Colleague: 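Structure provided below as C-alpha coordinates; questions to follow.
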Protein chains: 2
Amino acid sequence: MSKDYSKIKADFGTHIRKLRDTKNYSLRKVASQCDLDDSNISKIENGKFNIQLSTIIELAKGLEVHPSKLLDYDFGSDII
Amino acid sequence: MSKDYSKIKADFGTHIRKLRDTKNYSLRKVASQCDLDDSNISKIENGKFNIQLSTIIELAKGLEVHPSKLLDYDFGSDII
DNA sequence: TTAATTGCGGTAATATTTAACCGCATTTTT
DNA sequence: AAAAATGCGGTTAAATATTACCGCAATTAA
(Lines give C-alpha, C1' and ligand atoms only; values in the text may rest on other atoms or scores of the structure.)
Protein backbone atom coordinates (compact mmCIF):
# COMPACT_ATOMS: atom_id res chain seq x y z
CA MET A 1 0.00 0.00 0.00
CA SER A 2 2.49 2.59 -1.14
CA LYS A 3 -0.25 4.71 -2.66
CA ASP A 4 -2.84 6.60 -0.67
CA TYR A 5 -5.95 4.46 -0.40
CA SER A 6 -7.71 6.52 2.25
CA LYS A 7 -10.58 7.43 -0.05
CA ILE A 8 -11.05 3.80 -1.04
CA LYS A 9 -11.13 2.77 2.60
CA ALA A 10 -13.44 5.61 3.61
CA ASP A 11 -15.94 4.95 0.80
CA PHE A 12 -15.93 1.25 1.53
CA GLY A 13 -16.60 1.92 5.20
CA THR A 14 -19.46 4.26 4.40
CA HIS A 15 -21.00 1.61 2.18
CA ILE A 16 -20.70 -1.06 4.85
CA ARG A 17 -22.33 1.22 7.36
CA LYS A 18 -25.24 1.78 4.98
CA LEU A 19 -25.69 -1.95 4.49
CA ARG A 20 -25.72 -2.45 8.22
CA ASP A 21 -28.19 0.38 8.80
CA THR A 22 -30.49 -1.04 6.15
CA LYS A 23 -30.73 -4.23 8.17
CA ASN A 24 -30.89 -2.38 11.47
CA TYR A 25 -28.14 -4.52 12.88
CA SER A 26 -25.89 -3.38 15.68
CA LEU A 27 -22.13 -3.83 15.47
CA ARG A 28 -22.37 -6.59 18.05
CA LYS A 29 -25.15 -8.33 16.14
CA VAL A 30 -23.02 -8.42 12.98
CA ALA A 31 -20.00 -9.57 14.96
CA SER A 32 -22.03 -12.38 16.52
CA GLN A 33 -22.67 -13.78 13.06
CA CYS A 34 -19.10 -13.88 11.88
CA ASP A 35 -15.55 -14.16 13.05
CA LEU A 36 -14.94 -10.47 13.65
CA ASP A 37 -14.76 -8.25 16.68
CA ASP A 38 -17.36 -5.49 16.90
CA SER A 39 -14.77 -2.82 17.64
CA ASN A 40 -12.89 -3.81 14.52
CA ILE A 41 -16.01 -3.67 12.38
CA SER A 42 -16.41 -0.14 13.66
CA LYS A 43 -12.88 0.65 12.52
CA ILE A 44 -13.62 -0.80 9.10
CA GLU A 45 -16.72 1.38 8.83
CA ASN A 46 -14.68 4.40 9.77
CA GLY A 47 -12.17 3.77 7.02
CA LYS A 48 -9.31 2.74 9.23
CA PHE A 49 -8.60 -0.68 7.79
CA ASN A 50 -7.57 -1.93 4.40
CA ILE A 51 -9.15 -5.30 4.99
CA GLN A 52 -8.29 -8.59 3.41
CA LEU A 53 -10.36 -10.86 1.18
CA SER A 54 -11.07 -13.20 4.08
CA THR A 55 -12.32 -10.29 6.17
CA ILE A 56 -14.64 -9.19 3.36
CA ILE A 57 -16.11 -12.68 3.30
CA GLU A 58 -16.58 -12.63 7.06
CA LEU A 59 -18.32 -9.26 6.83
CA ALA A 60 -20.65 -10.62 4.16
CA LYS A 61 -21.49 -13.47 6.50
CA GLY A 62 -22.21 -11.09 9.33
CA LEU A 63 -24.35 -8.85 7.18
CA GLU A 64 -26.06 -11.78 5.46
CA VAL A 65 -25.37 -10.57 1.94
CA HIS A 66 -23.42 -11.88 -1.01
CA PRO A 67 -19.80 -10.70 -0.89
CA SER A 68 -20.15 -8.87 -4.19
CA LYS A 69 -22.72 -6.62 -2.51
CA LEU A 70 -19.93 -5.23 -0.35
CA LEU A 71 -18.32 -3.76 -3.44
CA ASP A 72 -21.55 -2.81 -5.16
CA TYR A 73 -21.29 0.96 -5.06
CA ASP A 74 -19.95 3.82 -7.16
CA PHE A 75 -16.18 4.05 -7.34
CA GLY A 76 -16.19 7.18 -9.43
CA SER A 77 -12.79 7.98 -10.83
CA ASP A 78 -11.07 5.49 -8.58
CA ILE A 79 -11.23 2.89 -11.31
CA ILE A 80 -11.06 2.78 -15.08
CA MET B 1 -6.49 -15.10 9.46
CA SER B 2 -6.59 -17.70 12.19
CA LYS B 3 -9.07 -19.82 10.24
CA ASP B 4 -8.24 -21.72 7.10
CA TYR B 5 -9.16 -19.57 4.12
CA SER B 6 -7.37 -21.63 1.50
CA LYS B 7 -10.60 -22.51 -0.31
CA ILE B 8 -11.65 -18.87 -0.36
CA LYS B 9 -8.30 -17.84 -1.80
CA ALA B 10 -8.26 -20.65 -4.34
CA ASP B 11 -11.78 -19.97 -5.59
CA PHE B 12 -11.09 -16.27 -5.84
CA GLY B 13 -7.95 -16.95 -7.84
CA THR B 14 -9.78 -19.26 -10.20
CA HIS B 15 -12.40 -16.60 -10.78
CA ILE B 16 -9.79 -13.92 -11.49
CA ARG B 17 -8.10 -16.21 -13.95
CA LYS B 18 -11.41 -16.73 -15.75
CA LEU B 19 -12.01 -12.99 -15.96
CA ARG B 20 -8.55 -12.51 -17.40
CA ASP B 21 -8.98 -15.32 -19.93
CA THR B 22 -12.30 -13.86 -21.04
CA LYS B 23 -10.49 -10.69 -22.01
CA ASN B 24 -7.52 -12.54 -23.42
CA TYR B 25 -5.16 -10.44 -21.38
CA SER B 26 -1.72 -11.62 -20.38
CA LEU B 27 -0.49 -11.21 -16.83
CA ARG B 28 1.84 -8.46 -18.03
CA LYS B 29 -0.98 -6.69 -19.84
CA VAL B 30 -3.09 -6.59 -16.67
CA ALA B 31 -0.11 -5.49 -14.63
CA SER B 32 0.59 -2.66 -17.07
CA GLN B 33 -2.84 -1.24 -16.32
CA CYS B 34 -2.57 -1.14 -12.58
CA ASP B 35 -0.14 -0.92 -9.72
CA LEU B 36 0.60 -4.61 -9.41
CA ASP B 37 3.45 -6.86 -10.44
CA ASP B 38 2.65 -9.61 -12.93
CA SER B 39 4.30 -12.29 -10.81
CA ASN B 40 2.13 -11.30 -7.89
CA ILE B 41 -1.03 -11.41 -9.98
CA SER B 42 0.00 -14.93 -10.85
CA LYS B 43 0.27 -15.74 -7.17
CA ILE B 44 -3.17 -14.29 -6.55
CA GLU B 45 -4.62 -16.45 -9.32
CA ASN B 46 -3.00 -19.48 -7.81
CA GLY B 47 -4.58 -18.86 -4.45
CA LYS B 48 -1.46 -17.88 -2.61
CA PHE B 49 -2.51 -14.45 -1.38
CA ASN B 50 -5.28 -13.23 0.85
CA ILE B 51 -5.25 -9.84 -0.82
CA GLN B 52 -6.39 -6.56 0.62
CA LEU B 53 -9.18 -4.23 -0.46
CA SER B 54 -6.75 -1.89 -2.19
CA THR B 55 -5.32 -4.79 -4.17
CA ILE B 56 -8.80 -5.86 -5.25
CA ILE B 57 -9.38 -2.36 -6.57
CA GLU B 58 -6.08 -2.42 -8.44
CA LEU B 59 -6.99 -5.77 -9.96
CA ALA B 60 -10.32 -4.37 -11.12
CA LYS B 61 -8.45 -1.51 -12.75
CA GLY B 62 -6.11 -3.90 -14.51
CA LEU B 63 -8.94 -6.12 -15.68
CA GLU B 64 -11.16 -3.16 -16.61
CA VAL B 65 -14.16 -4.37 -14.65
CA HIS B 66 -16.15 -3.06 -11.73
CA PRO B 67 -14.68 -4.28 -8.42
CA SER B 68 -17.89 -6.09 -7.51
CA LYS B 69 -17.32 -8.31 -10.55
CA LEU B 70 -14.29 -9.75 -8.80
CA LEU B 71 -16.55 -11.21 -6.14
CA ASP B 72 -19.37 -12.13 -8.49
CA TYR B 73 -19.21 -15.90 -8.30
CA ASP B 74 -20.67 -18.73 -6.30
CA PHE B 75 -19.43 -19.02 -2.73
CA GLY B 76 -21.41 -22.13 -1.98
CA SER B 77 -21.45 -22.93 1.70
CA ASP B 78 -18.69 -20.48 2.46
CA ILE B 79 -21.22 -17.85 3.34
CA ILE B 80 -24.66 -17.66 4.94
C1' DT C 1 -34.03 6.31 37.31
C1' DT C 2 -31.74 2.05 36.73
C1' DA C 3 -30.06 -1.04 33.47
C1' DA C 4 -28.77 -2.29 29.03
C1' DT C 5 -27.25 -1.28 24.53
C1' DT C 6 -24.54 0.96 21.29
C1' DG C 7 -20.63 3.06 18.80
C1' DC C 8 -16.08 3.56 19.04
C1' DG C 9 -11.17 4.73 20.49
C1' DG C 10 -6.86 2.67 22.44
C1' DT C 11 -3.37 -1.06 22.61
C1' DA C 12 -0.20 -4.99 21.94
C1' DA C 13 1.90 -8.88 19.75
C1' DT C 14 1.68 -11.58 15.98
C1' DA C 15 0.99 -12.82 11.33
C1' DT C 16 0.67 -11.47 6.77
C1' DT C 17 0.72 -9.07 2.53
C1' DT C 18 3.31 -6.46 -0.44
C1' DA C 19 6.91 -4.70 -3.62
C1' DA C 20 10.09 -5.54 -7.05
C1' DC C 21 13.28 -8.03 -8.59
C1' DC C 22 15.38 -12.44 -11.06
C1' DG C 23 15.27 -16.30 -14.10
C1' DC C 24 13.51 -20.36 -16.37
C1' DA C 25 10.66 -23.64 -19.17
C1' DT C 26 7.19 -23.62 -22.42
C1' DT C 27 4.39 -21.76 -25.91
C1' DT C 28 3.60 -18.59 -29.63
C1' DT C 29 4.92 -15.56 -33.24
C1' DT C 30 7.79 -13.86 -37.01
C1' DA D 1 14.98 -21.51 -36.57
C1' DA D 2 15.26 -17.40 -33.99
C1' DA D 3 12.91 -14.16 -31.19
C1' DA D 4 9.40 -12.77 -28.30
C1' DA D 5 5.84 -13.59 -25.06
C1' DT D 6 3.93 -16.03 -21.34
C1' DG D 7 3.09 -18.20 -16.81
C1' DC D 8 5.02 -18.74 -12.70
C1' DG D 9 8.13 -19.96 -8.70
C1' DG D 10 11.56 -17.88 -5.51
C1' DT D 11 13.24 -14.10 -2.39
C1' DT D 12 13.88 -10.50 1.38
C1' DA D 13 12.66 -6.18 3.69
C1' DA D 14 9.33 -3.40 5.14
C1' DA D 15 4.75 -2.04 5.78
C1' DT D 16 0.38 -3.37 7.32
C1' DA D 17 -3.71 -5.74 8.97
C1' DT D 18 -5.36 -8.54 12.56
C1' DT D 19 -6.65 -10.21 17.03
C1' DA D 20 -8.88 -9.58 21.27
C1' DC D 21 -9.06 -7.21 24.89
C1' DC D 22 -10.71 -2.91 28.03
C1' DG D 23 -13.49 0.90 28.98
C1' DC D 24 -16.17 5.02 28.26
C1' DA D 25 -19.78 8.41 26.76
C1' DA D 26 -24.17 8.64 24.95
C1' DT D 27 -28.39 6.81 23.59
C1' DT D 28 -32.30 3.72 24.38
C1' DA D 29 -35.22 0.58 27.07
C1' DA D 30 -37.33 -1.31 31.15
Side-chain angles (χ1 to χ4, degrees), chain A residues 1-65 67 70-71 78-79, chain B residues 1-65 67 70-71 78-79:
Chain A
M1 199 171 56
S2 51
K3 284 187 188 173
D4 175 38
Y5 290 107
S6 46
K7 176 165 171 13
I8 297 277
K9 292 190 286 182
D11 289 353
F12 179 77
T14 300
H15 178 64
I16 296 300
R17 175 61 185 252
K18 273 182 194 146
L19 286 179
R20 183 166 68 84
D21 284 346
T22 297
K23 297 225 168 191
N24 263 102
Y25 284 174
S26 70
L27 288 172
R28 285 171 175 83
K29 161 75 172 171
V30 176
S32 76
Q33 300 191 140
C34 65
D35 198 36
L36 293 174
D37 189 81
D38 65 276
S39 76
N40 290 328
I41 297 176
S42 167
K43 285 160 195 157
I44 292 168
E45 290 184 347
N46 287 97
K48 285 163 186 156
F49 281 157
N50 186 16
I51 63 174
Q52 294 168 264
L53 176 62
S54 56
T55 308
I56 291 178
I57 306 307
E58 288 296 333
L59 258 185
K61 246 190 271 185
L63 289 167
E64 296 167 340
V65 297
L70 301 200
L71 293 179
D78 295 337
I79 54 174
Chain B
M1 199 169 60
S2 50
K3 284 187 188 173
D4 175 37
Y5 289 107
S6 46
K7 176 166 172 10
I8 296 278
K9 293 190 285 182
D11 289 353
F12 179 78
T14 300
H15 179 63
I16 297 300
R17 175 61 185 251
K18 272 181 194 148
L19 286 179
R20 184 166 68 83
D21 284 346
T22 297
K23 298 225 169 192
N24 265 102
Y25 285 174
S26 69
L27 287 173
R28 286 171 175 84
K29 160 77 171 171
V30 176
S32 75
Q33 301 191 139
C34 66
D35 199 37
L36 293 174
D37 190 81
D38 65 275
S39 75
N40 289 330
I41 298 176
S42 167
K43 283 158 197 158
I44 293 168
E45 289 184 348
N46 287 97
K48 285 164 186 155
F49 280 156
N50 185 17
I51 63 175
Q52 293 168 260
L53 176 62
S54 56
T55 307
I56 291 178
I57 306 307
E58 289 295 334
L59 257 185
K61 246 190 272 187
L63 290 168
E64 296 167 341
V65 297
L70 301 199
L71 293 179
D78 296 336
I79 54 175

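Chain naming here is simple, since letters A, B, ... match the order of the sequence lines and numbering starts at 1 in each. Here the structure is a predicted model, which means the values were calculated and not measured.
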Colleague: Ignoring backbone atoms, test whether R17(B) places a side-chain nitrogen or oxygen under 4.0 Å from the OP1 or OP2 oxygen of dC8(D).
Modeller: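 Indeed, a polar side-chain atom of R17(B) lies that close.
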
Colleague: Can you tell me the distance, in whole Å, between the CG atom of D21(B) and the P atom of dT6(D)?
Modeller: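 These atoms are roughly 13 Å apart.
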
Colleague: Does L53(B) reach the side chain of L71(A), with side-chain heavy atoms less than 4.5 Å apart?
Modeller: yes

Colleague: Are L59(A) and L19(A) packed together at the side-chain level, in the sense that at least one heavy-atom pair is separated by less than 4.5 angstrom?
Modeller: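 No. Closest side-chain heavy atoms not under 4.5 Å.
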
Colleague: Would you indicate, yes or no, if dT16(D) has its OP1 or OP2 atom less than 4.0 angstrom from a side-chain nitrogen or oxygen of Q52(B)?
Modeller: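 No, no such contact exists.
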
Colleague: Any side-chain N or O of R28(A) under 4.0 Å from OP1/OP2 of dA4(C)?
Modeller: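 No.
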
Colleague: In terms of the nearest nucleotide of DNA chain C, which residue is placed more toward the 5' end: I51(B) or K48(A)?
Modeller: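 Here K48(A) is the residue nearer the 5' end.
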
Colleague: For dT18(C), take OP1 and OP2 only and decide whether either is under 4.0 Å from a side-chain N or O of K43(B).
Modeller: no

Colleague: Check this for me: does the side-chain of N50(A) come within 3.5 Å of the base of dA17(D) through a donor and an acceptor?
Modeller: no

Colleague: Taking for each residue the nucleotide of DNA chain D bearing the nearest heavy atom, is the 5' side occupied by D37(B) or by Y25(B)?
Modeller: Y25(B)

Colleague: Please measure how far the P atom in dA12(C) lies from the corresponding atom in dA14(D), and state the result in whole Å.
Modeller: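 Looking at atom P only, dA12(C) and dA14(D) are 23 Å apart.
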
Colleague: In this structure, how many angstroms lie between the C1' atom of dA15(C) and the NZ atom of K9(B), rounded?
Modeller: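 About 12 Å, once rounded to whole Å.
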
Colleague: Any non-hydrogen side-chain atom of I16(B) less than 4.5 Å from a side-chain atom of L63(B)?
Modeller: yes

Colleague: Which is true for N46(B) with a 4.0 Å heavy-atom rule: it touches a base, it touches only sugar-phosphate, or it touches nothing?
Modeller: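 If one applies the 4.0 Å heavy-atom cut-off, N46(B) turns out to touch the sugar-phosphate alone, with no base involved.
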
Colleague: Take atom CG of D38(A) and atom C1' of dG23(D), then tell me their distance rounded to the nearest Å.
Modeller: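 Atom CG in D38(A) sits about 12 Å away from atom C1' in dG23(D).
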
Colleague: Figure out the CG/C1' separation between N24(A) and dT28(D), and round it to whole Å.
Modeller: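 Atom CG in N24(A) sits about 13 Å away from atom C1' in dT28(D).
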
Colleague: I need the CD-P distance between E58(B) and dA20(C), as an integer number of Å.
Modeller: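 The distance from CD of E58(B) to P of dA20(C) comes to 11 Å, rounded to the nearest Å.
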
Colleague: Can you check the Y5(A) OH to dA17(D) C1' distance for me, whole Å?
Modeller: 15 Å

Colleague: Taking 4.0 Å as the cut-off, does a side-chain nitrogen or oxygen of S42(B) come that near to OP1 or OP2 on dG7(D)?
Modeller: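 Answer is no, no contact under 4.0 Å.
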
Colleague: Below 4.5 Å, heavy atoms only, C-beta onward: do E58(A) and I51(A) meet side chain to side chain?
Modeller: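 Contact flag for E58(A)/I51(A) side chains = no.
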
Colleague: Between the base of dC21(D) and the side chain of S39(A), is there a donor-acceptor distance below 3.5 Å?
Modeller: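 Checked by distance alone, the answer is yes.
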
Colleague: What is the distance, to the nearest angstrom, from the CD1 atom on I56(B) to the P atom on dT18(C)?
Modeller: 9 Å

Colleague: Quiz question: by atom type and distance under 3.5 Å, do the side chains of Y5(B) and Q52(A) form a donor-acceptor pair?
Modeller: no

Colleague: Whole-Å distance between dA20(C) C1' and N40(B) CG?
Modeller: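 Taking CG of N40(B) and C1' of dA20(C), I get 8 Å after rounding.
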
